[in-house]
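The structure appears below as structure tokens.
Order of the sequence lines fixes the chain letters, A, B, ..., with proteins taken first and strands second; residue numbering starts at 1 for each chain.
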Number of protein chains: 2
Amino acid sequence: MFSIGDLSRRTGVKVPTIRYYEQMGLVAAPERSEGNQRRYSRQELERLAFIRHARDLGFAVEDIRSLIDLSGHPEQPCGHADKIAEEQLISVREKIAQLKRLEAELERIATCCDGKTVGDCYVIRALSDHALCADEHG
Amino acid sequence: MFSIGDLSRRTGVKVPTIRYYEQMGLVAAPERSEGNQRRYSRQELERLAFIRHARDLGFAVEDIRSLIDLSGHPEQPCGHADKIAEEQLISVREKIAQLKRLEAELERIATCCDGKTVGDCYVIRALSDHALCADEHG
DNA sequence: TGTAATTGCTCTAGTCACTAGAGCTTCAAG
DNA sequence: CTTGAAGCTCTAGTGACTAGAGCAATTACA
């Protein structure tokens, strides 16, 4: 039996976040001690580790809920789980592409400033005038 | 003189977002028509375009506030503006690095599933067991 | 000039995924 | 048996908007 603090240390999920997940129905309400404190089993530790891992990978809480539902039905076809993971992959790739465009733009902005005062600062001018951008973004 | 809708169309910032920026003090409260509708000048259009551009580049509203304050003092040294842009560049690069790690992990997860049911689905197993991960993330 | 469609106004509340704080109780170690 | 850490519930705050209700003003057209 683990206290909420044990669970937090073992999974890296903060204590208030665990309680929040319980409220959201992502983890079930666990047993309580005589003094009304939460007591978790190993199964619940594993579920929380699952959630943590999926959150680290950028899955939305709703996706995680679906994945948990799926994992409770091991006899069903797993196409849905694959689909969630693939969509997540696509979204991550899109974010990378977008951020790379920003990186290029910011690189130009942040390294080209040789003005001494704000009046001729390239950072400020570049932000004021989209026409100074090399290409489209945003 | 532009209505809030004109401003929105010209800058790509949505109408409620413009009002929100006014509330947050990012743009000044503009003149009003006799019927109490907002009327903007070209200067305000430019400021909003500046904000839009900076938001597109991922600057936080607080950073934008600083940049606007700076641009109001063109005689000051521009080191601070440079610093904000450089920090933003660093943070974008960190995000890219993190997302690339996720991409690799998700790629492995999403493409390796040849199980037919959830019971032996690699997606679910990989999320349950961090030990299946090729390397650290999150 | 009339009227209808569009646009605008304020205000409150909701989003997502937490995070912080107040004020209290329980637990574990010495 | 005491003390200090950890736990409890509850409310409210974060960032950057977004949505909706219920009105008022403006604009286009007949």
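- Of the side-chain N and O atoms in A:Ser3, one or more sit less than 4.0 angstrom from OP1 or OP2 of D:dG7.
- Rounded to an integer number of Å, the gap from CG of A:Asn36 to C1' of D:dG7 is 10 Å.
- With distances taken from any side-chain atom of A:Val61 to the nucleotides C:dG8, D:dG7, C:dA17, the minimum falls on C:dA17.
- One interatomic measurement links the two molecules: CZ of B:Phe2 to P of C:dG8, which rounds to 13 Å at whole-angstrom precision.
- Without hydrogens or angle criteria, A:Arg32 side chain to A:Arg39 main chain gives no donor-acceptor distance under 3.5 Å.
- Phosphate proximity of C:dT26 to A:Ser33: absent, as no side-chain N or O sits under 4.0 Å from OP1 or OP2.
- Side-chain nitrogen and oxygen atoms of A:Tyr20 include none within less than 4.0 Å of the OP1 or OP2 phosphate oxygen of C:dC16.
- Taking atom CE on B:Met24 and atom P on D:dT14, their separation rounds to 10 Å, with Å as the unit.
- Between the side chain of B:Glu44 and the backbone N or O of B:Ser41, at least one donor-acceptor pair lies under 3.5 Å.
- For B:Arg10 (side chain) and B:Leu45 (main-chain N/O), no donor-acceptor pair under 3.5 Å exists by modelled atom type.
- Close to C:dC18, at under 4.0 Å from its OP1 or OP2, lies a side-chain N or O of A:Arg55.
- Here C:dG8 presents its C1' atom at 17 Å from CE of B:Met1, a figure rounded to the nearest Å.
- For A:Arg39, taking side-chain heavy atoms from C-beta onward, the closest of the listed nucleotides C:dA17, D:dT18, C:dC27 is C:dC27.
- Nucleotide D:dC17 holds its C1' atom 14 Å from the CG atom of B:Asp56, rounded to whole Å.
- Which of D:dT18, C:dC9, C:dC18 sits closest to the side chain of B:Arg38 comes down to C:dC9.
- Each of A:Asp6 and B:Glu34 lies near DNA chain D, and the nucleotide nearest A:Asp6 is the one positioned closer to the 5' end.
- Going from atom CZ of B:Arg19 over to atom P of C:dT10 covers 7 Å, rounded to whole Å.
- Nucleotides of DNA chain C nearest to A:Pro16 and A:Gly35 differ in position, and the one nearer the 5' end is that of A:Pro16.
- OP1 or OP2 of D:dT9 lies within a sub-4.0 Å distance of a side-chain N or O belonging to A:Arg32.
- Along DNA chain C, the nucleotide nearest B:Ile4 and the nucleotide nearest A:Lys14 are compared for position; the residue whose nucleotide lies closer to the 5' end is B:Ile4.
- Linking Ile, Leu, Val, Met, Phe, Trp and Tyr residues whenever their side-chain heavy atoms come within less than 4.5 Å leaves A:Tyr40 and A:Met1 in two separate clusters.
- Rounded to whole Å, the distance from CZ on B:Arg9 to P on C:dT7 is 7 Å.
- The backbone N or O of B:Met24 lies less than 3.5 Å from a partner atom in the side chain of B:Arg65, making a donor-acceptor pair.
- Among the heavy atoms of the strands, none lies under 4.0 Å from A:Phe59.
- Here D:dC8 presents its P atom at 13 Å from CD of A:Gln23, a figure rounded to the nearest Å.
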